[in-house]
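So that the names make sense, note that chain A is the first sequence line, chain B the second, and so on, each numbered from 1.
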2 protein chains.
Amino acid sequence: MQSRISYRNLPQLFLKAREELICHFRPILNHFGLTEQQWRILRVLSEREQLEPWEICDICQILSPSLAGVLARMDDLGVISRSRVPEDQRRVIVRLSPRGSELVEEIAPLIQAQYRKLEEALGRELIDELYSVLDKVITGPHAPVERITLPARSPAPATPTEKRKRVPRSAARTAAKQ
Amino acid sequence: MQSRISYRNLPQLFLKAREELICHFRPILNHFGLTEQQWRILRVLSEREQLEPWEICDICQILSPSLAGVLARMDDLGVISRSRVPEDQRRVIVRLSPRGSELVEEIAPLIQAQYRKLEEALGRELIDELYSVLDKVITGPHAPVERITLPARSPAPATPTEKRKRVPRSAARTAAKQ
DNA sequence: AGAAGATCACTTCGATGTTAGGGAGTCAAC
DNA sequence: GTTGACTCCCTAACATCGAAGTGATCTTCT
């Protein structure tokens with residue numbers, strides 16, 4: 001009944017599997033007006049007391065440009081506070097605000113509960129297997145992946161001046177009516 | 001040297017693991033001016049001859065709103081063609097254009113080559129294990145995941161009228177200079 | 001036939017991902 | 001002390017994500 005990918009595509013499968021898990025938590029976060037990224041950051045901050053932006057980028061898998069906006073919004077919401085490092089005016093310290101701490105205290109148990117339901121459904125074995133395999137891919141002592149050499153080629157000539165094409169409604173049926 | 005996530009967070013790990021893989025392919029696609037999504041679509045179209053948007057959404061893990069834009073741009077680039085289904089004017093048929101076919105023929109071997117390098121580095125076992133585990137999560141006959149009940153609560157009162165906060169540069173050091 | 005309901009592609013809006021580049025601060029060499 | 005290289009955070013521009021909703025078309029029931 002459902003379509004299936006015929007060729008093997010790992011990144012694709014990762015995406016699908018991840019969605020299969022995250023979809024059970026998203027409603028909880030949405031309920032509190034938070035996004036996935038915002039929650040990741042709150043969660044990490046609740047454990048590390050204070051972090052610098054580059055650390056958050058690394059831990060939470062968020063690129064620096066994205067993080068800038070995310071932190072600004074979270075600051076607007078009043079769940080975090082940002083301040084400069086006195087010794088190095090380039091650097092920034094991010095902390096949880098009191099309100100942010102409350103929010104974590106309120107949400108964390110719910111996430112935890114949902115996680116248990118998930119664990120229950122998937123089975124302890126599968127969960128353990130998942131952690132194991134993912135760890136191997138991420139931190140694994142596998143040999144460095146070689147990079148193939150790309151053939152010289154001019155990148156696709158984008159035609160930005162053209163007007164966006166649309167799918168015309170075929171006149172067949174309309175014509176038939178008349 | 002690198003920070004590590006202390007608490008176990010599966011979606012997080014999925015993201016990181018996926019990035020660990022995709023980063024080896026992204027340069028290839030960028031070289032040809034393609035995005036990941038565009039390539040996924042091209043790849044699938046090269047195997048299925050013709051597809052409807054909802055099928056592409058399902059197979060490629062792309063939401064309908066995103067797909068609309070992606071297909072439009074690909075149409076602009078001339079790598080696909082879109083047409084209506086005569087019997088049902090709501091539906092659309094997406095096909096590969098000749099130029100799109102050429103592009104797939106050109107890129108596919110490169111992706112294939114890089115994939116072999118990856119397989120080589122990670123090891124056949126790990127790759128197999130990955131497919132196995134991911135399949136279990138996605139299609140697995142695991143019990144349905146229960147959903148916890150959310151406590152009644154008004155969502156976070158966003159304050160969109162406020163002006164975006166910035167991190168002030170502390171005056172400490174400047175003051176000390178004087 | 002006609003109205004209500006279901007489908008499908010598309011649009012809208014706010015937030016995030018990606019890539020490229022800018023501004024300020026730090027450090028070392030001159 | 002000034003220049004140049006570097007680092008860190010940030011902005012800009014564009015594409016995608018995720019939720020919600022629209023319009024047109026098809027289906028079903030009356």
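- The shortest distance between the side-chain N/O atoms of B:Gln61 and the OP1/OP2 oxygens of D:dC17 is not below 4.0 Å.
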**Fill in**
With both pairing distances under 3.5 angstrom for Watson-Crick or G-U wobble, and | for a partner in another strand, the correct string for DNA chain C is ||||||||||||||||||||||||||||||
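- Checked against C:dA6, D:dA15, D:dT11, the side chain of B:Thr35 finds its nearest nucleotide in D:dA15.
- The shortest distance between the side-chain N/O atoms of B:Arg18 and the OP1/OP2 oxygens of C:dG17 is not below 4.0 Å.
- Within the structure, salt bridge (charged side-chain N to carboxylate O under 4.0 Å, His left out) contacts touching residues 21-37 of chain A (residues at least two apart or in different chains) are A:Arg18-A:Glu36, A:Glu19-A:Arg26, A:Arg26-A:Glu36.
- We find that CD1 of B:Ile56 is positioned 15 Å from P of C:dC8, with the value rounded to whole Å.
- Residue A:Ile80 contributes atom CD1, which lies 13 Å from atom P of D:dC9 at whole-angstrom precision.
- Neither A:Leu15 nor B:Leu29 shares a network with the other; the hydrophobic side chains, linked directly or stepwise wherever heavy atoms of I, L, V, M, F, W or Y lie under 4.5 Å apart, form separate groups for each.
- At the phosphate of C:dT26, neither OP1 nor OP2 sits under 4.0 Å from any side-chain N or O atom of A:Arg84.
- Checking the phosphate oxygens (OP1, OP2) of C:dT18, no side-chain nitrogen or oxygen of B:Asn30 falls inside 4.0 Å.
- Residue pairs satisfying the side-chain hydrogen bond (donor to acceptor under 3.5 Å, both in side chains) criterion with at least one member in residues 120-129 of chain A, sequence neighbours excluded, are listed as follows: A:Glu119-A:Arg124, A:Glu129-B:Lys136.
- Regarding B:Asp88, its CG atom lies at a distance of 13 Å from the P atom of C:dC10, rounded to whole Å.
- Comparing A:Arg91 and A:Arg26 by the nucleotide of DNA chain D whose heavy atom lies nearest to each, the residue mapping closer to the 5' end is A:Arg91.
- Between A:Leu71 and A:Arg90, the residue anchored closer to the 5' end of DNA chain D is A:Arg90, taking for each the nucleotide with the nearest heavy atom.
- Put simply, A:Ser66 has no side-chain N or O that comes within less than 4.0 Å of OP1 or OP2 on C:dT16.
- Residues meeting the salt bridge (Lys or Arg N to Asp or Glu O under 4.0 Å) test with A:Glu102, sequence neighbours left out: none.
- As rounded to whole Å, 12 Å separates atom C1' of C:dT16 from atom CG of B:Leu15.
- The distance between atom CG of B:Leu63 and atom P of D:dA20, rounded to the nearest whole Å, is 13 Å.
- Partners of A:Gln50 according to the side-chain hydrogen bond (donor to acceptor under 3.5 Å, both in side chains) rule, which considers only residues two or more places apart in sequence or in another chain, are A:Arg95.
- Residue B:Gln89 places no side-chain N or O under 4.0 Å from the OP1 or OP2 atom of C:dC8.
- D:dA15 atom C1' lies 15 Å from atom CG of B:Leu29, rounded to whole Å.
- Across all strands, A:Ile62 comes closer than 4.0 Å only to sugar-phosphate atoms, never to a base (heavy-atom distances).
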**Request:** Could you walk me through whether B:Glu47 and B:Arg43 pass the salt bridge (charged side-chain N to carboxylate O under 4.0 Å, His left out) test, one step at a time?
**Result:** CA-CA 7 Å; B:Glu47 300 191 340; B:Arg43 194 77 165 84; 3.4 Å; yes
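- OP1 or OP2 of C:dT16 sits under 4.0 Å from a side-chain N or O of A:Arg73.
- Tracing side-chain contacts under 4.5 Å through hydrophobic residues (I, L, V, M, F, W, Y), one never reaches B:Leu67 starting from B:Leu63; they form parts of separate clusters.
- The CD1-P distance, from A:Ile22 to C:dT16, rounds to 14 Å in whole Å.
- Residues satisfying the side-chain hydrogen bond (donor to acceptor under 3.5 Å, both in side chains) test with B:Gln61, not counting sequence neighbours, are none.
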